[in-house]
Amino acid sequence: MIEVRDLTKRFGGLTAVRDLSFIVDPGEVFGFLGANGAGKTTSIRMMCGLLKPSGGDALLDGISVRHNPEGVKRRIGYMSQRFSLYGELSPAANVEFFARVYGVSKKKIQSEVARLQTELGEAGAGRAASELPLGFKQRLGLACALLHDPPIIVLDEPTSGVDPVGRRIFWEDIYTLSGAGHTVLVTTHFMDEAEYCDRIAIMNAGRLIALDTPAAVKARYGAETLNQAFIRAVAADRESLGGNREWDSRPSS
């Protein structure tokens, strides 16, 4: 469903992402991990057709991001780490706007608006989107990203700042989507959330340094927790870089 082949991005003399390669299977929940500046968001922006690769390619649902980025955008639902809807509009108005952009039928628009109004309650449904609690903002963002029923869903730190209850509810939504056959790629800084993924990839200094199930990654680094394994993986990679301190001066991804 997602096939990344030697994906590379250079900004002048800095290589932000270097020869990134992996495959995500249909229906898989795939975790994409890395410290700030590791290259996660740059990689995702390339995969989503928002940033042109300097080298390599990515196929999403069989469509090349290098040769047909607009085609890729129609096959994915993308939710950024920042709330990117129209804050001055109501939840229903946001749904209606994005549904029309995607060419969604009136019947589905009505159904989705009714669902949101039930979920938010009368008080929440009548508020501007910017006034909603963060957890509801994120669920609204996810709802808008799914209006066109994309086979691939890309979530960039979707639960950042959300309370534990909101995070649990959001992950229940992710599992529901995966169970329905959607492929989900998600970045997160919460290692307890990464445990929920079928497989995880860890990036450091623009390179892939680990790729396996959470249990296998913990075993590889002799760690009891994924947080411990992540720290050991990054430390081992930085040590292997020796005198190359490029990762210290990398801009935020």
Side-chain angles (χ1 to χ4, degrees), residues 1-5 7 22-32 40-53 57-86 91-116 119 129 136-160 169-188 193 196-199 201:
M1 185 60 71
I2 300 176
E3 183 176 355
V4 179
R5 304 172 177 172
L7 201 61
F22 61 85
I23 293 174
V24 183
D25 295 325
E28 186 173 20
V29 178
F30 188 88
F32 207 43
K40 304 185 308 300
T41 297
T42 299
S43 300
I44 285 178
R45 288 177 63 82
M46 286 192 286
M47 283 184 260
C48 292
L50 302 174
L51 188 63
K52 185 177 181 180
D57 199 359
L59 302 179
L60 284 84
D61 202 24
I63 302 174
S64 165
V65 72
R66 174 174 285 277
H67 300 294
N68 188 6
E70 293 305 315
V72 166
K73 292 174 186 177
R74 290 191 291 270
R75 303 299 292 161
I76 64 172
Y78 173 65
M79 182 177 163
S80 68
Q81 57 187 300
R82 296 181 179 88
F83 184 67
S84 57
L85 304 184
Y86 291 99
N94 269 286
V95 168
E96 291 176 6
F97 174 81
F98 285 98
R100 294 183 187 280
V101 170
Y102 290 130
V104 174
S105 68
K106 290 183 179 180
K107 183 177 181 180
K108 183 167 184 178
I109 294 175
Q110 293 171 348
S111 174
E112 188 62 25
V113 167
R115 185 189 69 79
L116 273 174
E119 184 175 306
F136 281 119
K137 285 182 180 179
Q138 297 301 77
R139 298 193 76 190
L140 175 60
L142 180 61
C144 289
L146 297 175
L147 286 167
H148 56 308
D149 195 28
I152 299 172
I153 303 162
V154 180
L155 308 173
D156 191 6
E157 297 185 26
T159 60
S160 180
I169 294 173
F170 199 94
W171 272 90
E172 288 175 356
D173 291 340
I174 290 176
Y175 273 120
T176 297
L177 291 166
S178 173
H182 295 274
T183 299
V184 182
L185 187 151
V186 57
T187 73
T188 180
E193 290 188 352
Y196 302 151
C197 297
D198 297 311
R199 288 187 301 147

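A donor-acceptor pair shorter than 3.5 Å can be found between the side chains of D156 and T187.
Counting heavy-atom neighbours within 6.0 Å of R115 CZ, excluding the residue itself, gives a total above 12.
Taking CG of D57 as the start and CZ of R66 as the end, the distance is 6.0 Å to the nearest 0.5 Å. Separation of atoms CZ (F170) and OH (Y175) is listed at 13.5 Å; rounding is to 0.5 Å. One distance of note links SG of C144 with CG of N94; it measures 5.5 Å at 0.5 Å rounding.
No side-chain heavy atom of L146 sits less than 4.5 Å from a side-chain heavy atom of E112. Contact check for E28 versus I2: no side-chain heavy atoms found under the 4.5 Å cut-off. With a 4.5 Å cut-off on side-chain heavy atoms, Y78 and I44 count as touching. Side-chain atoms of P158 and L142, non-hydrogen and from C-beta on, never get closer than 4.5 Å to each other. In this structure, the side chains of E96 and I109 come closer than 4.5 Å at one or more pairs of heavy atoms. Contact check for M46 versus V65: no side-chain heavy atoms found under the 4.5 Å cut-off. Between I63 and R74, the closest side-chain pair of non-hydrogen atoms is not below 4.5 Å.
When every heavy atom of R199 is checked against every heavy atom of V24, the shortest pair comes out as NH2-CA, 4.0 Å. Residues L147 and V104 approach most closely at O-CG2, 3.5 Å, considering heavy atoms. Nearest heavy atoms, H148 versus I76: NE2-O, 2.8 Å.
Using bins of under 30°, 30° to 60° and over 60° for the plane-to-plane angle, the ring pair F32/F22 lands in the tilted bin.
Panel note: side chain T176, backbone E172; a donor-acceptor pair is recorded below 3.5 Å.
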